[in-house]
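This is a predicted model, so every value here is computed, not measured. Naming: A, B, ... by sequence-line order, numbering from 1 per chain.
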Amino acid sequence: MPEGPELHLASIFVNRMCSGVVFTGPVQKSEVSKNLEVPFSCKAYTITASSRGKEVCLTLTSQKSDPTLGGSRRPKTGQVDQVQPQTMNVVFRFGMSGYFRFTVEEELPKHAHLQFYTNEKPCRVLSFVDPRRFGSWQPNGTWQAARGPCVMFQYQSFRENVLSHLSDRVFDRPICEVLLNQKYFNGIGNYLRAEILFRSNIPPFVMARTVLEGLKSKDEPEEKKNLVELSSKVAVKTKVKKEEKMEVNLEEEAENPDLLRLCNLVPLEVIKLGGKGYDPEKNDYSGFKMWLRCYEVDGMRSIRDHNGRTMWFMGAPGPMTPKGSKSPKAKKRLKEDPDVKHRIIKKTSTVIQTKPKAIRNEKEGRRKYVSRQEVRGTPRRPGQSRASCSAEAPRRRSGRVSQNTPS
DNA sequence: CGTCCACGTCTAC
DNA sequence: TAGACCTGGACGG
């Protein structure tokens with residue numbers, strides 16, 4: 001599930017698996033991939049990773065100061081040894097299905113389109129696996145210039161980038177569509193936009209500028225200077241002992257995060273799920289599925305946005321709802337299974353308002369990799385309507401946007 | 001068997 | 001604003 005959190009977890013995965021591991025030889029690309037060759041070959045090199053929004057950067061670093069020639073496919077002319085880079089960055093985008101795996105050579109996964117070989121006895125391979133091949137990589141790459149700051153790890157600049165460009169025409173669009181614009185929301189994807197808007201109680205098809213203009217004033221007070229990169233609620237509290245008024249603001253910020261803050265907090269929650277959100281080895285997404293409150297959740301509504309992407313939401317869609325848009329086929333693919341009609345309503349440790357989710361789609365419980373004992377506890381409410389959802393769990397108003405939206 | 005759907009960009013009318 | 005780019009899983013006949 002490659003959105004910002006999965007890309008970051010992929011970078012953690014690479015760093016964990018490749019720590020202390022020595023790679024060797026050329027980087028191999030599959031025949032079928034249309035991406036560029038990675039012209040790096042070295043007798044001994046290491047791999048580290050970092051992420052930014054929906055990109056991962058692998059850094060290949062030769063261990064010795066004089067890299068050796070070995071790239072069979074390097075078409076370099078003349079002098080050879082000097083041409084080899086000592087370090088190379090390769091920047092990946094994951095498309096719809098990309099991920100990294102680290103296996104022995106004999107167990108190379110299908111669709112492993114870029115491979116890094118270790119110098120070990122039974123050779124192991126770090127590989128970029130991408131069945132649909134929408135992913136891409138760039139040798140000697142940099143973070144894509146057109147993408148904005150990372151919603152997860154560059155929160156302050158992300159926020160400023162949005163709020164200082166609200167005159168941009170892209171904010172004429174519905175908020176749910178703008179949330180997929182990587183120039184401003186680098187890291188947000190289809191499930192995150194649903195989860196974020198659901199928690200903020202903002203209808204998806206309200207004009208983005210209308211939603212975001214309200215957030216500007218909150219940033220204006222000069223007391224805000226002290227706020228830089230609120231890393232945690234605790235940090236915030238200790239920092240603001242002095243100003244009573246500020247304490248209130250921060251409390252409100254912590255207890256009732258606005259839309260942009262949710263664009264930061266919600267992906268961070270997925271990262272905290274850890275392997276449950278991204279773990280190629282144990283192919284277990286049950287934790288992640290349990291975490292979802294809206295996306296593909298039974299009882300939630302869905303319609304196609306102007307770009308044909310499915311928007312999951314609860315309640316009113318908002319004034320900019322596409323005309324003639326219909327909800328995609330109701331997701332009732334899988335048959336009834338009495339064992340999985342229940343799910344746990346867990347309390348989260350975040351300050352974000354938790355609300356009982358609508359009951360899970362039956363589909364979840366039937367996935368082969370879902371352990372059933374995890375999915376029980378709460379009586380199912382068949383055919384639950386959104387009205388009943390709201391009634392049993394009124395969410396906090398997000399403050400300044402909710403009144404803009406017709407119901 | 002066939003159809004629909006999927007966690008995302010890209011470029012071309 | 002369509003398509004193009006792809007494979008594969010779920011579901012229906």
Side-chain angles (χ1 to χ4, degrees), chain A residues 1-10 30-35 51 53-56 91-100 109-113 128-138 141 143-148 151-152 169-170 172-174 176-177 179-196 266-267 269-271 273 276-280 283 285 287-289 291-292 294-297 302-312 322-337 361-370:
Chain A
M1 331 189 114
E3 298 185 19
E6 289 75 27
L7 279 276
H8 182 69
L9 288 165
S30 74
E31 277 301 316
V32 67
S33 172
K34 292 173 183 169
N35 282 303
S51 79
K54 248 183 265 184
E55 294 183 305
V56 165
V91 175
F92 291 78
R93 263 152 277 135
F94 281 14
M96 295 283 270
S97 60
Y99 58 95
F100 282 108
K110 199 178 177 186
H111 307 299
H113 296 304
F128 177 66
V129 185
D130 184 15
R132 296 185 70 179
R133 273 182 273 148
F134 293 171
S136 61
W137 61 79
Q138 292 194 299
W143 303 131
Q144 220 170 31
R147 309 182 75 103
V151 296
M152 297 167 291
R169 291 287 302 277
V170 311
D172 294 351
R173 320 237 76 228
C176 71
E177 294 169 16
L179 283 176
L180 295 184
N181 186 327
Q182 302 299 298
K183 181 175 178 182
Y184 293 106
F185 296 89
N186 188 7
I188 304 300
N190 206 27
Y191 80 74
L192 281 172
R193 71 168 176 172
E195 296 299 312
I196 289 164
V266 174
E269 280 188 30
V270 180
I271 291 173
L273 293 179
K276 293 152 214 157
Y278 179 92
D279 191 342
N283 209 7
Y285 291 94
F288 174 72
K289 298 259 175 190
W291 173 85
L292 292 171
C294 179
Y295 181 81
E296 286 189 347
V297 169
S302 68
I303 55 180
R304 296 290 172 84
D305 70 15
H306 293 283
N307 302 311
R309 301 269 256 147
T310 301
M311 180 65 217
W312 288 84
K323 277 194 281 288
S325 76
K326 24 185 184 199
S327 45
K329 259 202 174 99
K331 294 207 160 205
K332 57 185 306 183
R333 303 176 174 66
L334 299 159
K335 299 180 225 160
E336 282 295 315
D337 179 345
N361 190 328
E362 289 83 356
K363 158 186 175 183
E364 164 197 325
R366 282 180 192 75
R367 297 272 183 144
K368 50 178 173 284
Y369 43 74
V370 171

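- You'll find the side chain of K110(A) stays beyond 4.5 Å of the side chain of P131(A), heavy atoms only.
- Using a 4.0 Å heavy-atom cutoff across all strands shown, T310(A) reaches sugar-phosphate atoms only and no base atom.
- Annotation: side chain of S33(A) is not in contact with side chain of F128(A) (no heavy-atom distance under 4.5 Å).
- For dC13(B) and dC5(C), the P atoms lie 12 Å apart once the distance is rounded to whole Å.
- Distance, R93(A) CZ to dG8(B) P: 14 Å, rounded to whole Å.
- Taking atom P on both dG13(C) and dC5(B), the two are 15 Å apart, rounded to the nearest angstrom.
- Within the nucleic acid shown, Q144(A) comes within 4.0 Å of sugar-phosphate atoms alone, with no base atom in reach, counting heavy atoms only.
- Side-chain atoms of N35(A) and H113(A), non-hydrogen and from C-beta on, never get closer than 4.5 Å to each other.
- The R133(A) side chain lies nearest to dT7(C) when the options are dT7(C), dC5(B), dG8(B).
- A donor-acceptor pair under 3.5 Å is formed between the side chain of N181(A) and the backbone N or O of K183(A).
- Aromatic stacking is marked for F134(A) over dG8(B), as both cut-offs hold: 5.5 Å for the centres and 30° for the planes.
- Between R309(A) and dT1(C), a side-chain N or O to OP1/OP2 separation shorter than 4.0 Å is absent.
- Rounded to a whole Å, the OH atom of Y285(A) is 13 Å from the P atom of dG9(C).
- Taking atom CG of D130(A) as the reference point, atom P of dG8(B) lies 13 Å away to the nearest angstrom.
- One finds no side-chain N or O of R132(A) lying less than 4.0 angstrom from the OP1 or OP2 phosphate oxygen of dC5(C).
- Distance F288(A) CZ to dA6(B) C1': 13 Å, rounded to the nearest Å.
- Using the six-membered ring where Trp is involved, F92(A) and F100(A) have ring planes that are perpendicular, over 60° apart on the 30 and 60° scheme.
- Distance L179(A) CG to dG8(B) P: 12 Å, rounded to the nearest Å.
- Residue R147(A) places at least one side-chain N or O closer than 4.0 Å to OP1 or OP2 of dT9(B).
- Atom NZ in K289(A) sits about 12 Å away from atom C1' in dG9(C), given to the nearest Å.
- As a whole-Å value, the separation of L180(A) CG from dA6(B) P is 13 Å.
- Side-chain nitrogen and oxygen atoms of K110(A) include at least one within less than 4.0 Å of the OP1 or OP2 phosphate oxygen of dG8(C).
- Residue Q182(A) places at least one side-chain N or O under 4.0 Å from the OP1 or OP2 atom of dT9(B).
- Taking atom CG of residue N307(A) and atom P of nucleotide dA4(C), one finds them 16 Å apart after rounding to whole Å.
- Taking only side-chain nitrogens and oxygens, H111(A) comes nearer than 4.0 Å to OP1 or OP2 of dG8(C).
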